[in-house]
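Since the structure comes first, as structure tokens, the remarks are kept for the end.
The chain is numbered in sequence order, starting from 1.
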Amino acid sequence: MKKTLAIWALLAAALSPQALLAAPTDADAARAAAEAKARAAWNDKVTAYKLCVAQDRVAAHYREQMAANGKTAPEPVATPPCMEPEPFTFNAEGTQPREGSGAHSPAETAQRPPSSSTPENGEKPLAK
């Protein structure tokens, strides 16, 4: 009897956190799909960068081998330099990063310190 009760108690304790999790909403699923799409596009950029670097290495090695054998290599074709992609960041549409949210100080230049004792209308401050 005690073993059965202990098993049921362990089973209830193990399953209770799963019951507390809410089912994902359509918005959560759409955000996850958008993030997966953005990450796949970023992975494509990283792969293209790595391919570009590898091609440059192979071309340099080919030129070195041609020069070592006393042959002249053909002129290289002008190609744009390899551009390393920025680190992956995901910003869902409708949300702003903290810098653009307006949560920081206002953009206008301050005319006086915020803790100035001078009244705004230019009158003398009140005597204490």
Between D44 and T47, does a side-chain hydrogen bond (donor to acceptor under 3.5 Å, both in side chains) hold up when you go through it step by step?
-> CA-CA 5 Å; D44 290 344; T47 302; 5.3 Å; no

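Looking only at side-chain heavy atoms (C-beta outward), R57 and H61 stay at 4.5 Å or farther from each other.
Rounding to the nearest 0.5 angstrom, the gap separating the CZ atom in R63 from the NZ atom in K71 is 14.5 Å. In this structure, E86 CD and K45 NZ are separated by 8.5 Å, a value rounded to the nearest 0.5 Å.
R39 forms a cation-pi arrangement with F88, by the criterion of a distance under 6.0 Å to the ring centre and an angle within 45° of the ring axis.
Within the hydrophobic cluster formed by Ile, Leu, Val, Met, Phe, Trp and Tyr side chains joined at under 4.5 Å, directly or through other members, V58 stands alone, with no partner residue.
Identified under the disulfide (SG to SG under 2.5 Å) test for residues 43-92, with sequence neighbours left out: C52-C82.
Annotation: D26, atom CG; neighbour count of heavy atoms from other residues, nucleotides and ligands within 6.0 Å does not exceed 12.
Put simply, the side chain of W42 never gets that close to the backbone of T89: no donor and acceptor are under 3.5 Å apart.
The shortest non-hydrogen separation linking R31 to F90 is NH1-CE2, 2.7 Å.
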